[in-house]
Amino acid sequence: MSELPKAYEPQEVEKKWYSSWLENQCFHADESSEKEGYSIVIPPPNVTGILHLGHVLNNTIQDILARRARQQGKEVLWLPGTDHAGIATQTKVEKQLREEEGKTRRDLGREEFLNRVWDWKDKHGGIIIKQLKRLGCSCDWERERFTMDADYSAQVSDVFAKLFNDGLIYRGKRMVNWCPVSLTALSDEEVISKPRQSKLYFMKYELVDTPGEYLEISTTRPETLMGDVAVAVNPKDERYQKLVGRRVRRPFPAAEIPIIADDHVDVEFGTGALKITPAHDKADFEIGVRHDLEIIDVLHADGTVNCPDCPDLDGLDRFVARKKAAAKLEELGLLIKVEEYENNVGYSERADVPIEPRISMQWFLKYPSTEKTAVAVADGGIQYRPARWAKTHANWMENIQDWCISRQLWWGHQIPVWYRKEKAAELLAAESLDVADMQAGDIYVGAEPPSDLANWVRDEDVMDTWFSSWLWPFATMSEAEQKKFYPTTDLVTGPDIIFFWVARMIMAGFSFKSEIPFKNVFFTSIIRDIQGRKMSKSLGNSPDPIDLMDEYGADGLRFGLLRTAPVGADVRFDEALVAEGRNFANKLYNACRFRQMAGSPALDGQVPLLEVERLRPYHADIVHKIGSLAVNLEKSYADYRFNDVGQQLYDFLWSEFCDKFLEAVKGDLRDSATAEARDVTLAVFDAVMSRYLQLLHPYMPHITEELSSRMGYVKSGEFLMEKPLPSEVLIEIDSHLTNQADSIYATAGRMRNLKAEYNVAARKDVKFIMIKSPVWLAQESDVLGLLAGGEILIQDSYEAPKGTPAAVTDVGEVYLPLEGLVDIEAEKSRLDKEITKVEIEVRKCDGKLGNSAFVDKAPVELVEREKARREEWSQKLVQLQEMREAL
RNA sequence: GCGCGAUUAGCUCAGUGGUAGAGCAAUGCCUUGACAUGGCAGAGGUCACAAGUUCAAAUCUUGUAUUGCGCACCA
């Protein structure tokens, strides 16, 4: 055996095993397998994306599930891929184009620009995939999909055509969320409202028929004043009732506009009079429809003012124009006051600028299968975990509006609609397009272009990225694959995309596969920094997982993050967690290294069977505990309690295996030990460790594979990751042995306490004297001494001098003769403190036992336990008092 | 305004009715043949507050406070 380094060095090991798994196709899913199928589709990261901690958490959980399912003998498909991410990707390439060539996408033209995006994708698109591999993800990489693969795209178009033919997709001029930077419409879900400090402008419009009289109006958006077509008041508002039906003067461009009454107006807000700009506000638009008002659009698509009648405002950016318009009002003497005001402003999720409500011609979808989707989640046909997210899902389902699916972008799935050339202009301008128009033969909808393509013009828009993502669970699979792996088993994703993705996938599953797309949805935590802030690039509080893996290893990162990731709440990330993961890997490595120092086993996958009659208590105890561990892990997995699983794995190795078992059997591995003792201990070590590595494998795949191989727990040429998890326990254990072990560990603890209390920890010549011990203890006194750090003398004839520090244990009374080693004064005050504490405990017990209600109604065993406890404490009290007197 | 969470040790969090737990940080001791990325020990909690149910409440109920998230409103 070669000299092993003292600390585990993960980098080379992780690389080695990952390539080895790939070479041997360990991640390959066979759709013709006889085994039970298990499948997960990855939430496809943006093709432009780079790995962040959210991905690490999410994909580690998926990897754990996948690896665990393989160990359970299932045929596992973890299907990976990436999303074309329309806006994000296009923006990135446009930026590069602007910076490097000073060109816009229009300078290149659609076709050339798309070529550039594909080039970019080929060059930079694989980064996150490489990073996932680095993390150890066991995806079937041969099946990697992209949402713009040809066959995938064809399915997106098919679905569009189907929904169009069913009358669920329509085109129309509606108020949409417009992003003035990306120059496209957005869905409601892509708008994030943020509280913003803004100003509320109070101004006055002169009444036409009574010059010199004014109506006061408040607004946050004076720059849209040119689009005002009315002023509305609440019909119940007594102040204004007599004004309804009269007219006021809009100052610029000058016009007379009516005062109307509408219930929407809040009497309490501002002056109670609302200027109506149907082109630039959703509510105003609706009021406009109700009152048949004109729509005057005074903004260009990019958010600059479009009002040639006001040359001083025309062409200005909307925020510049806001100040300018206010200044103009002031000049005209129409501005009354300006108040500071906090309101919510809708922001574009991608571009992070305020969106502009804008009327434009777009494609919309009436959501299909909404009823089934709501029921599936509410009734648990699809299990949301944690379950409370089902309510969020339900809320959204209750008030969904039609989905604006068209985007004014180039990168994406182009709308599969063609217009007959000579009619195109007319059709494109039409207020709506429905099935009837299509039947007229002027419009064609389908996945394949029309055969006489030259006569047709294609709709220029592309679809919302999520319109392709919602097909992901089945559009990524062939017929045969779907037969084996659809519906998928688990979906792991963030609760922030319940609306964007999860709910829509369920609708798509029902609509196009007549089935749910997945059985369970596990929602991960959101990762925040230690101060509770969201991770973001601009805050610089988002550590690069690759750096963390360089420093702590992928296994360390995985374990550290998973062990503390709470099920329901957010994770507060701290690098110290990852360091703990690394330390844990090191602890495991060193435990095995210790074993190897006693000789490398030549097992080649054959871990020796254990013979129960040869086991000493410590052996039996750890064998018993690995059995319990397996059972308890099963329970935690069943509830998707990944932090629990991690914690149990951690505690077993550290507290049980290393701190107790290894310390207890250390003597067996010394040169002075008998061959018998050594053999049993090594056999137990191997039996327990080989099983443990298997249990830990889903969390720390690399190191467990490495150690299993190095220790010979897996036959050479085979892999731990492919080894089925046995259901049987290693060996049936008689509880009297584990009880003995418990007693000895507890007793050793009491002895160490005594030593520490009397400050003799540093002395190596400590002697403990025991009386009233059971016979079997004599055999174990060497181990007890080892654990306690002192010599154990069993002397039933011993009569302790009054005041000798003592402890009552399961296995007799322990005395620690001090022989005048301690500082008398310090000892006195320590004892006094101790006595006070114990007196309190005794009184607590007395209080309970003196309570007749407790004694009468509590279960008998509870009362008995309380009595025993009182007895224990009062004995301790007497002992302490004696010690105090003896000093 | 509606909904969903959270509040336990200095910090991050476990803990679903029966003696308050872990890791980290801080303290003391230990470089003992696996590991200082380590070992042992001690200290540190009116479990946010109030009322209720119960023999018994961190845990169940109700209310309050603080705080986070989502939805709606947002002139």
Side-chain angles (χ1 to χ4, degrees), chain A residues 4 6-8 193 195-196 198 200-202 217-221 231-232 264-266 269-277 281 283-284 341-346 386 388-389 391-392 394-396 398-399 495-496 498-499 526 528 530 532 552 556 563-574 576-577 579-598 641 643-644 647 650-651 654-655 658-659 662-663 666 669-671 749 752-753 755-757 759 761-762 764 786 789 841 844-845 848 851-859 861-863 865-866 869:
Chain A
L4 297 174
K6 280 176 93 170
Y8 175 59
S193 87
R196 279 292 172 268
S198 51
L200 188 57
Y201 299 86
F202 288 80
I217 301 166
S218 49
T219 180
T220 53
R221 302 205 58 191
V231 176
H264 172 82
V265 182
D266 180 356
F269 192 94
T271 64
L274 169 63
K275 74 185 197 69
I276 303 299
T277 323
D281 184 280
D284 288 10
Y341 176 65
E342 190 185 282
N343 66 341
N344 289 320
V345 178
R388 62 189 163 83
W389 291 114
K391 203 153 189 175
T392 304
N395 276 347
W396 184 71
E398 272 164 31
N399 1 297
D496 50 333
I498 289 180
F499 312 143
I526 290 172
R528 299 174 176 281
I530 197 74
Y552 303 107
R563 186 163 73 96
T564 48
V567 179
D570 297 347
V571 184
R572 296 210 174 188
F573 178 80
D574 187 345
L577 299 175
E580 270 178 53
R582 186 261 325 253
N583 295 355
F584 180 69
N586 189 54
K587 187 78 179 174
L588 176 65
Y589 167 84
N590 272 292
C592 290
R593 184 166 154 257
F594 180 48
R595 159 71 182 85
Q596 282 195 305
M597 289 171 78
R641 299 175 61 104
N643 55 339
D644 234 36
Q647 188 62 39
Y650 184 93
D651 288 342
W654 211 298
S655 308
C658 291
D659 289 351
L662 278 191
E663 291 303 325
K666 236 170 200 176
L669 303 183
R670 295 209 173 123
D671 295 343
R752 286 194 305 259
N753 294 352
K755 275 173 61 180
E757 277 174 35
N759 261 329
K764 289 178 185 169
L786 196 64
E841 292 301 329
K844 267 196 206 164
C845 293
K848 256 188 159 176
N851 179 345
S852 58
F854 171 73
V855 177
D856 293 347
K857 296 193 184 174
E861 67 268 22
L862 204 67
V863 178
R865 203 199 300 171
E866 199 60 31
R869 194 182 301 154

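Labels below follow one simple rule: chain letters A, B, ... track the order of the sequence lines, proteins then strands, and each chain is numbered from 1. Remember, predicted model here, so these are calculated numbers, not experimental data.
- For B/C35, the base has no donor-acceptor partner in the side chain of A/Lys6 [N/O atoms by modelled type, under 3.5 angstrom].
- A/Asn851 places its CG atom 7 Å from the P atom of B/A56, with the value rounded to the nearest Å.
- Under 4.0 angstrom from either OP1 or OP2 of B/C4 there lies no side-chain N or O belonging to A/Asn395.
- The nearest whole Å value for the distance from the CZ atom in A/Arg388 to the P atom in B/C69 is 14 Å.
- Rounded to whole Å, the C1' atom of B/C49 lies 30 Å from the corresponding atom of B/A26.
- In this model, the phosphate group of B/A41 is approached by a side-chain N or O of A/Arg752 to a distance below 4.0 Å at OP1 or OP2.
- Looking at the side chain of A/Ala853, the nearest of the listed nucleotides B/C55, B/C35, B/G70 is B/C55.
- Nearest heavy-atom pair across A/Gly789 and A/Lys755 is O-NZ, 2.6 Å.
- If you take CG of A/Asn586 and C1' of B/A36, they are 10 Å apart, rounded to a whole angstrom.
- Only the P atoms considered, B/A50 is 24 Å distant from B/A14, to the nearest whole Å.
- Between A/Glu861 atom CD and B/A56 atom C1' there is a gap of 14 Å when expressed in whole angstrom units.
- Between A/Lys391 and the phosphate of B/C4, there is a side-chain N or O to OP1/OP2 separation shorter than 4.0 Å.
- Between the C1' atoms of B/G21 and B/U61, the separation comes to 26 Å (whole Å).
- Across B/G33, B/A34, B/A75, the shortest atom-to-atom separation from the side chain of A/Asp281 is found for B/A75.
- Residues satisfying the side chain to side chain contact (heavy atoms under 4.5 Å, CB included) test with A/Asn344, not counting sequence neighbours, are A/Ser193, A/Pro195.
- Each of A/Arg595 and A/Gly270 lies near RNA chain B, and the nucleotide nearest A/Arg595 is the one positioned closer to the 5' end.
- As judged by a 4.0 angstrom heavy-atom cut-off over every strand, A/Val855 is placed among residues making no nucleic acid contact.
- Across A/Asp284 and A/Lys275, no two heavy atoms sit closer than the pair OD2-O, 3.3 Å.
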All N/O pairs under 3.5 Å across the protein-nucleotides 16-22 of chain B interface:
from  : atom 1 : to       : atom 2 : distance (Å)
B/G18 : O2'    : A/Arg865 : NH1    : 3.3
B/U19 : O4'    : A/Arg869 : NH1    : 3.4

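- Between the CG atom of A/Leu577 and the P atom of B/C24 there is a distance of 11 Å, rounded to whole Å.
- Taking only side-chain atoms of A/Asp644, from C-beta outward, the nucleotide of B/A14, B/U37, B/C24 with the closest atom is B/A14.
- Atom C1' of B/C4 sits at a distance of 15 Å from the matching atom of B/A72, rounded to the whole Å.
- The P atoms of B/G33 and B/G39 are separated by 16 Å, rounded to the nearest whole Å.
- There is a side-chain donor-acceptor pair under 3.5 Å between A/Gln647 and A/Asp651.
- Spacing between B/U31 and B/U37 at atom C1', rounded to whole Å, works out to 15 Å.
- Checking B/C73, B/A34, B/A75 against every side-chain atom of A/Asn344, the shortest atom distance belongs to B/C73.
- Rounded to an integer number of Å, the gap from A/Trp396 CH2 to B/C69 C1' is 18 Å.
- Listed pair A/Lys755 / B/G28 fails the phosphate criterion, with no side-chain N or O lying under 4.0 Å from OP1 or OP2.
- Out of B/U37, B/C71, B/G39, the shortest distance to the side chain of A/Asn583 is found at B/U37.
- Across B/A20 and B/G28, the matching P atoms stand 30 Å from one another, rounded to whole Å.
- Atom CG of A/Asn399 is separated from atom P of B/G3 by 14 Å (rounded to the nearest Å).
- With sequence neighbours left out, A/Tyr201 forms a ring pair (Phe, Tyr, Trp, His ring centres under 6.0 Å) with no residue at all.
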